[in-house]
Amino acid sequence: MKRFFITTAIDYVNGKPHLGHAYEKILADVLARFQRNQGRDVLFLTGVDEHGQKVQQSARAANKAPQAFCDEMTAHFIALWKRLDIRYDRFARTTLEAHQSYVRGCLQRLYDEGKIVFKDHVGFYSVRQEQFVTEKDRNADGSWPEIYGEVVEMREPNYFFVMEPYRERIRERIVREENWIEPTFRRKELLTLLEEPLEPLCISRPKSRVEWGIPLPFDEQYVTYVWFDALLNYISFAFNADGTSRWPADIQLIGKDILIPAHGIYWPAMLIALGLEWPRRLLVHGWWMNRGAKMSKSIGNVVDPVPYIEHWGADAFRYFVMREMVTGQDADFSDERFADRYSFDLANDWGNLVQRTLSMVHRYRGGCVPQSAEEMELVDDECCEIYLRCMENGQVHAALEAVWSRIQRANRYVEERAPWRLAKEQRLEELDRVLVTLCEAIRRIGLLLEPVMPTTSRKVMGFLGEPEDFSFGRIRQTEVLKGRVISPAEPLFPRKEDGVRMEK
Ligand code: MSP
């Protein structure tokens, strides 16, 4: 069986999960479900990044021991993924023993091979980013960009991972493999950076400053830099019980802020140094903005998914974020857009199509799908092809557009064929064909929509007396529902009066 391995970034647990975290996990879940429906043996890995200064500081502010704090925060992430139906196979926590010992093993190897060196480090340090910054990072007016927060001057002997020997190989491969980074326009900045020599990466933090991390195996006075620790989760959690590994990943899904330098430079350099394969593709998503502004805790405009899920439901939330964001671009979150998508796309289009189909079968045929053949295919090969191509490439919004054009076509078909008129005029053969055609259409659309709205699709299959089997091959089957007794109509997306108001 063909395999598919997808990973997401692991989230810092210095706060509760927000819309950005949720979007990424939903996108990964949609792609994983799609691949499962294609019959692949899927491994979907996600998790949390529990070490480092940020988490240490937050734990301190909350007056908690770091591990207790992580346990509590991680529980929020896990609970949210459950509510959102994120069906991951493995959950990485960087505080787990197996991960820590894998990281220590890698560090020891690199140290023994002379790829990690000890030297004095003098420079500017960004507390927020937990990294040393250089003169090059300054704004034109000499100030430090806001993303770095407070920048302080610091001298510190540290351990460094030497990356320059790998620069040319990294550059050459990124040039050659045009689609390694998707969308491809994101390569440009990275390639420019790779034209200049790479500074060694400081991979240690003295315990006197940061204690919440994995101790270096060759010097217990230091802990491992959080990025070096976190990136290795992709490998440490890819091992199977029998010692074999699922690495390399087919898709590594990350946000645009962590492409450069973490996943575009550190990660390939680490993989080359360790003699490991590269992931097959980095899929880089954009950012959710809140009314045009970047979401940030300091502005206080971070969107908490929970009230939206409570009000509109998990499937509606999943649909909204998948439909609204073009993969790779930024998107704006707004209550009005959400309410519109809910009432137009979900209630009026999809919900209405299902409900009217079921109620007509009940009204005119006593709840039994007529023994007739389909009159035409409302979900045709063209739709399936677009869907497949877009889903393979992570372009979920475009796949949804293709499905929606068929939903709208099916609703138009109802108006055009006017089953109520056919019934009144006793044109029963025609009526039967129309009803079968509509039932088959909602069956197929239900199958296509499962990756994005799993609960709704399960409901639709339940109404139709179909098993919860979303294998893609079932779309090609015809005359599946003939003679089937189906459930009475029930609204999939009940009308709702008002939306959830964002705080700011
Ligand atoms: N812990 C690191 C990742 C280590 S991966 C080995 C980290 N964590 S994070 O919590 O800050 O971000 C996790 C993911 O959420 C990243 O991919 C990031 O891009 C994404 N998002 C955070 N805010 C976001 C938005 N506003 N919009 C969309 N996604 C963004 O970085």
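All ligand and atom numbering here is 1-based and tracks the order in the structure. Just so it is clear, the values below take in all heavy atoms, side chains as well, and ignore hydrogens, waters and symmetry mates.
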Expected list for residues 258-268: side-chain donor-acceptor pairs under 3.5 angstrom, two or more places apart:
unit_1: H263; atom_1: ND1; unit_2: I258; atom_2: O; d: 2.9
unit_1: H263; atom_1: NE2; unit_2: Y234; atom_2: OH; d: 2.8
unit_1: W267; atom_1: NE1; unit_2: Q252; atom_2: OE1; d: 2.9

Report all N/O contacts between ligand 1 and the protein shorter than 3.5 Å as a table of atom names and distances to 0.1 Å; if there are none, say 'none'.
unit_1: ligand 1; atom_1: 1 (N); unit_2: I10; atom_2: O; d: 2.8
unit_1: ligand 1; atom_1: 1 (N); unit_2: D49; atom_2: OD2; d: 2.7
unit_1: ligand 1; atom_1: 10 (O); unit_2: Y12; atom_2: N; d: 3.1
unit_1: ligand 1; atom_1: 10 (O); unit_2: H21; atom_2: NE2; d: 3.0
unit_1: ligand 1; atom_1: 17 (O); unit_2: E24; atom_2: OE1; d: 2.5
unit_1: ligand 1; atom_1: 17 (O); unit_2: G255; atom_2: N; d: 2.9
unit_1: ligand 1; atom_1: 19 (O); unit_2: D257; atom_2: OD1; d: 2.5
unit_1: ligand 1; atom_1: 26 (N); unit_2: W288; atom_2: O; d: 3.3
unit_1: ligand 1; atom_1: 27 (N); unit_2: W288; atom_2: N; d: 2.9

| field | Identified ring-ring contact (aromatic ring centres under 6.0 Å, His included) partner of Y222 from the options Y111, F228, Y159 | value |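 Of all the options given, the one that passes is Y159.
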Do D250 and R3 sit within salt-bridge range, that is, some charged N less than 4.0 Å from a carboxylate O?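 Looking at D250 and R3, the cut-off is not met.
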In plain terms, say whether R93 and D49 are close enough for a salt bridge, that is, a side-chain N and a carboxylate O under 4.0 Å apart.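 No, no charged N to carboxylate O under 4.0 Å.
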Spell out, as yes or no, whether a donor-acceptor pair under 3.5 Å connects the side chain of R167 to the backbone of L194.
->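 Yes; judged by distance alone, with no hydrogens or angles, the pair exists.
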query: Does R281 make a cation-pi contact with W180, if we ask for NZ or CZ under 6.0 Å from the ring centre and within 45° of the axis?
result: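 No cation-pi geometry.
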